[in-house]
Amino acid sequence: QVQLVESGGGSVQAGGSLKLSCVASGYNYGNYCMAWFRQVPGKEREGVATFYTGGYMPFYADSVKGRFTISQDKAGNTLYLQMNSLSPEDTAMYYCAADTTLLCFFNDDTTPEERDFDYWGQGTQVTVSS
């Protein structure tokens with residue numbers, strides 16, 4: 001079992017920055033795939049970025065490339081999402097996700113989907129005003 005707890009959401013004006021954190025616990029058996037998703041009411045959850053603790057290149061959705069950076073702390077316990085140049089279109093509930101069996105190979109043709117991940121945090125709201 002993997003437990004995930006997000007924090008760092010809030011309200012910011014367009015052009016501003018936020019850094020989300022996701023503390024992971026409960027799994028000490030090797031590398032695994034982690035991700036940030038976001039969801040607005042009435043829409044499917046969108047995979048924003050993925051990170052493999054074993055060191056693959058991270059994946060970013062086209063909508064956030066060049067603005068968002070996914071990373072992990074040296075201890076391997078906390079996943080981050082640094083979000084810069086935020087726009088109102090980034091307003092959403094942001095979720096941290098993890099899966100211990102996923103190969104974590106994603107690209108523009110094979111994007112992460114909600115069904116790929118077994119473990120989820122409770123979400124943190126990000127609101128960007130114009």
Side-chain angles (χ1 to χ4, degrees):
Q1 286 277 11
V2 180
Q3 291 81 44
L4 305 169
V5 179
E6 304 102 328
S7 62
S11 298
V12 65
Q13 288 194 324
S17 299
L18 281 174
K19 187 173 185 177
L20 306 183
S21 299
C22 171
V23 177
S25 61
Y27 185 77
N28 298 302
Y29 304 108
N31 296 309
Y32 57 103
C33 185
M34 299 190 75
W36 286 99
F37 282 74
R38 64 186 181 185
Q39 189 172 27
V40 297
K43 291 192 174 182
E44 292 186 353
R45 212 165 275 194
E46 174 194 17
V48 172
T50 65
F51 184 94
Y52 182 59
T53 63
Y56 301 158
M57 287 290 290
F59 162 84
Y60 294 98
D62 283 344
S63 56
V64 306
K65 278 180 184 175
R67 301 188 299 122
F68 289 13
T69 302
I70 191 171
S71 64
Q72 189 180 45
D73 71 334
K74 290 183 179 180
N77 297 325
T78 306
L79 184 74
Y80 300 105
L81 186 68
Q82 176 67 48
M83 305 185 295
N84 299 327
S85 302
L86 285 162
S87 72
E89 289 70 34
D90 295 314
T91 295
M93 184 70 80
Y94 283 72
Y95 296 91
C96 178
D99 195 274
T100 58
T101 63
L102 198 57
L103 293 180
C104 216
F105 287 126
F106 297 106
N107 51 46
D108 292 344
D109 296 320
T110 308
T111 57
E113 298 183 8
E114 183 177 357
R115 63 185 178 186
D116 293 326
F117 293 83
D118 284 342
Y119 302 102
W120 293 87
Q122 80 288 352
T124 185
Q125 177 68 37
V126 172
T127 303
V128 185
S129 58
S130 58

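Because the structure is a prediction, the values reported are computed rather than measured.
- Checked by atom type and distance alone, the side chain of T91 pairs as donor or acceptor with a backbone atom of V128 at under 3.5 Å.
- Looking at Y95 and E114, their side chains never come closer than 4.5 Å, going by heavy atoms from C-beta outward.
- Residues T50 and A35 come closest through the heavy atom pair CG2-CB, 3.8 Å.
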Show which side-chain atoms of residues 59-66 pair as donor or acceptor with protein atoms under 3.5 Å away, not counting sequence neighbours.
| from | atom 1 | to | atom 2 | distance (Å) |
| --- | --- | --- | --- | --- |
| Y60 | OH | I70 | N | 2.8 |
| D62 | OD1 | K65 | NZ | 3.0 |
| S63 | OG | R38 | NH2 | 3.3 |
| S63 | OG | E46 | OE2 | 3.2 |
| K65 | NZ | D108 | OD1 | 3.1 |
| K65 | NZ | D108 | OD2 | 3.2 |

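- Two residues are said to be in side-chain contact when any heavy atoms from C-beta on lie closer than 4.5 Å; Q3 and V5 fail this criterion.
- Taken from CG in N31 to CG in L103, the straight-line distance is 12.0 Å, to the nearest 0.5 Å.
- Side-chain contact between M83 and L20 is present, with at least one heavy-atom pair separated by less than 4.5 Å.
- Note that OG of S7 is 15.0 Å distant from OH of Y94, once rounded to the nearest 0.5 Å.
- Atom CH2 of W36 and atom CZ of F51 lie 13.0 Å apart (nearest 0.5 Å).
- Here the two rings, on F117 and F37, have centers that are under 6.0 Å apart.
- Across all their heavy atoms, L4 and A24 have their closest contact at CD2-CB, 3.7 Å.
- Remark: the backbone N or O of N107 is not paired with any side-chain donor or acceptor of T110 at under 3.5 angstrom.
- Under the 4.5 Å side-chain criterion, counting only non-hydrogen atoms from C-beta, Y80 is in contact with K19.
- For Q122, the CD atom sits in a packed shell: over 12 heavy atoms of surrounding residues, nucleotides or ligands are nearer than 6.0 Å.
- From Y119, atom OH reaches atom CE of M34 across 12.5 Å, with rounding to the nearest 0.5 Å.
- Nearest heavy atoms, P112 versus G47: CG-CA, 4.0 Å.
- Distance OG/S25 to CG/N77: 8.5 Å, rounded to 0.5 Å.
- When every heavy atom of Q72 is checked against every heavy atom of T53, the shortest pair comes out as NE2-CG2, 3.4 Å.
- How far OG of S71 is from CG of L81: 8.5 Å, rounded to the nearest 0.5 Å.
- Across all their heavy atoms, A92 and V40 have their closest contact at CB-CG1, 3.7 Å.
- Within the structure, the disulfide (SG to SG under 2.5 Å) test picks out the following pairs touching residues 58-129 (sequence neighbours left out): C22-C96, C33-C104.
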